[in-house]
Structures are given as structure tokens and as C-alpha cells.
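The shown structure was predicted, so the numbers you read here are calculated from the model rather than taken from an experiment. So that the names make sense, note that chain A is the first sequence line, chain B the second, and so on, each numbered from 1.
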Number of protein chains: 2
Amino acid sequence: MINLNDTAKANLDEALANSGLRSTRQREQIYAVLLKRRDHPTADEVYARAKEVMPTISLATVYNCLETLVDCNLVKKLNYEREPSRFCPNDGEHAHFLDEANGRVYDILLPEDFQSMVSKILPRGFEAKKVKLTFTGYAPNDLDTNSL
Amino acid sequence: MINLNDTAKANLDEALANSGLRSTRQREQIYAVLLKRRDHPTADEVYARAKEVMPTISLATVYNCLETLVDCNLVKKLNYEREPSRFCPNDGEHAHFLDEANGRVYDILLPEDFQSMVSKILPRGFEAKKVKLTFTGYAPNDLDTNSL
DNA sequence: GTTGATTTTTGGAATCATTCCAATTTAGTT
DNA sequence: AACTAAATTGGAATGATTCCAAAAATCAAC
């Protein structure tokens, strides 16, 4: 029914507990869906995939769970223009590349010191808590579904 | 009624002509509104400001004009999460800084070679047409309404 | 394990920025 | 002035997301 390996499950439970939240079947399922195919699905797509295996889950719950996971810092929410948000499980700092040809989003690994490097661009007095870097263009056409 | 200086008007007319589009009172007015206060207003805010001086303009027209100006590359559309889009007249490459304290957006000047610099982060085969850099955090609290 | 208190889930309604539409008006041309 | 194509307009439609109140599930204490 669910499909989370032990360490992922442990991470989830810990992150939820840290925020004083409960571990539920639905939250596990949503997290499992995101880990299984890292193709930056929208809430609707997550809903469809979760339903295959948990047919009674509701769309509202999918939104709730995704928001919870984002708040716990286990998942990132991506936005391009005002298109539907996409979600990716969080493996630390990375940029995103949107392929205009097929609409896919690829993760781009960032150098360790990226945030401090780029923060030097800021004038005196600006304190950045977060930096977001997104590319748009054409990706090589021989990549598989998952990100790099 | 409108309030565009000669060079701005000339830029607008040229950009529109380049795209085979007509120069209209509404388009001039919307562009003038954006140039007058560079505080990254939403479509609604642009609508309110335009209406003060052109009471019959419609919201649909504001959306149309903004889209046209963006297409002509005279204006940039900014998005944070899925909040309403904001608009800023385009003075070349710059990043944006969202102040979490007051919701204001500041333009951040970028070094000339920024795009080529940061494109080196991309793995072989990725061709970036656009790069977007956005910061979130706290800005110094003695800045005026307009951007840097 | 049952009870009670608190969270979470759920389906459907509501929201709201934006887009669409068909009719009218305007701009540019002959 | 007349004609054609483009732009504007108000209102309806769209669609992702949020809100709501009721039902179900979880956790803690006994």
C-alpha cells in the first residue's frame, strides 16, 4: 500500500515530530509518491498517483499533505509563472532548469558555496535567507525522466 | 491624461511597431503607470492607477496591455509562488529581492557577465535562454519606495 | 483497550487572479 | 469618407488552490 524505505520513513517521522505533527498514512503515501518518481509532479499528478494505491484519498488531503511536507522542509515547491505548483523532495541546494521543449524540470546541482557566492551581489544591508535560481531553455534530449 | 516622456514614448512606439502592433492610448497609459512608480505593482494596482487618469479603462485591457508590453520586452513579469504577478519596466538584467517584512520587491543590479558566469553551473548540453535569480529575506529599512 | 481531546481527512463550496468571448470601438489605409 | 484589421470592453468562464464543517483517525492517560 505504501512504499517508503526505512530511512525515508524515519526522516519523515522525525521531521513531522519536530513540527509537532502526526505521522499518517496519507502523509507517508504522498511522500512515497514524490520519492518514487522525481519528475516534479503537480498536485493533480500526485493525486492521481496516490489514488492508484490509496483510492479513497482526497485532493484536499493531497494539498494538505504537500503543504505539510513543504513546511517540514522535506519537499520543495516550485513555481513557473503562475502555472500549477510542482513538488520535489528536497536533496539540499539545487537550481532548476525548465525545458521549453517538453515542459520538464531538471534539478541542477549547485556548488557548495553557491549561496554565499551569489549573496555578494547584494548591496549592503540586504540579508538573503533564501536564493532561488531558475533557468529556462533547452535541455539535452537524451535524459531520462528523473532528474540529474 | 498620459504622462510619457519623449524617449519613453519613442521606445514604446518602436517596440510595438517591431512586433507589428499599434500604439494606443491605453498601452501608453499602462506603460506610463509602470514608469512613474517602479514599485512592481500587480495588475490590479496598475488598473487602479490607470483608472485615476483614464476612468473608462477596463481590467481586461490592463491585462492585455501588460501582456503586450511583456511580449515586446519592455516590461518584465515577476512571480513569487502563486501570488498575483507583478510588473516592472525592464532596464536590462537584474535580480529581485523580496522583503519578507513588508512584501516589497527591490531590483538588484547584476554584473554584466552574470548570465555567462552562472551558466557554467549547467551540465554539458543544457542551453539556457533565460536565467532568473530571486532572493528572499530582509532589506535594509531605510530604502525609499522605488527600487535601487 | 476504552475514553477523551486534538489532529487529520474529506467532499464540496468558495475564492480569486487570469483568460476567454462576442460586440463595439478605434486605428491605419485607400 | 469608407473599409479592414486590430484593440478595447464588460461580463462570463476557468482552474488551481483554499476554506469549511462534519466524520474519521491518532495519541495520551487511565
Only pairs under 3.5 Å count here: list side-chain donor-acceptor contacts from residues 88-103 of chain B, not counting sequence neighbours, and write none if there are none.
from, atom 1, to, atom 2, distance (Å)
B:Asn90, OD1, B:Lys76, NZ, 3.1
B:Asn90, OD1, B:Gly92, N, 3.1
B:Asn90, ND2, B:Asn73, O, 3.3
B:Asp91, OD1, B:Arg38, NH1, 2.8
B:Asp91, OD2, B:Arg38, NH1, 3.4
B:His94, ND1, B:Gly92, O, 3.0
B:His94, NE2, B:His96, NE2, 3.1
B:His96, NE2, B:Asp107, OD1, 3.1
B:Asp99, OD1, B:Ala101, N, 2.7
B:Asp99, OD2, B:Ala139, N, 3.3
B:Glu100, OE1, A:Lys129, NZ, 3.1
B:Asn102, OD1, B:Arg104, N, 2.8

Answer yes or no: does a side-chain N or O of B:Ser58 lie under 4.0 Å from OP1 or OP2 of D:dT8?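 Result: no.
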Just to confirm, is there a sub-4.0 Å distance from OP1 or OP2 of D:dT9 to any side-chain nitrogen or oxygen of B:Gln26? yes
What is the distance from [atom1] of [X] to [atom2] of [N], rounded to the nearest Å?
| X | N | atom1 | atom2 | result |
| --- | --- | --- | --- | --- |
| B:Lys51 | D:dG10 | NZ | C1' | 11 Å |
| B:Leu16 | D:dT8 | CG | C1' | 15 Å |
| A:Leu66 | D:dA16 | CG | C1' | 13 Å |
| A:Leu69 | C:dT8 | CG | P | 12 Å |
| A:Ile57 | C:dT8 | CD1 | C1' | 11 Å |
| A:Met54 | C:dT10 | CE | C1' | 13 Å |
| A:Asp71 | D:dT18 | CG | P | 11 Å |

Among all residues two or more places apart in sequence or in another chain, which pass the side chain to side chain contact (heavy atoms under 4.5 Å, CB included) test with A:Asn5?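 A:Asn5 satisfies side chain to side chain contact (heavy atoms under 4.5 Å, CB included) with A:Thr7, A:Ala8 only.
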Can you give one letter per nucleotide of nucleotides 16-30 of chain C, going 5' to 3': B for a protein heavy atom under 4.0 Å from the base, S for sugar-phosphate only, - for none? -SBBB------BS--
Tell me which one of A:Asn64, A:Val46, A:Thr61 satisfies side-chain contact (heavy atoms from CB on, under 4.5 Å) with A:Ile30.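 Running side-chain contact (heavy atoms from CB on, under 4.5 Å) over A:Asn64, A:Val46, A:Thr61 with A:Ile30 returns exactly one hit, A:Val46.
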Under the salt bridge (charged side-chain N to carboxylate O under 4.0 Å, His left out) rule, what pairs show up with a residue in residues 7-17 of chain B, not counting sequence neighbours? B:Lys9-B:Asp13, B:Lys9-B:Glu28
Filter on salt bridge (charged side-chain N to carboxylate O under 4.0 Å, His left out), then keep only pairs touching residues 41-52 of chain B, sequence neighbours left out; what's left? B:Asp39-B:Arg49
Hey, what do you get for CD1 (B:Ile57) to SG (B:Cys65), rounding to the nearest 0.5 Å?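 The CD1 atom of B:Ile57 sits 5.5 Å away from the SG atom of B:Cys65.
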So how far off straight is the helix from C:dG1-D:dC30 to C:dT30-D:dA1, going by the axes through five pairs at either end, to 10°?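 What I find for the helix from C:dG1-D:dC30 to C:dT30-D:dA1 is an axis angle of 30°.
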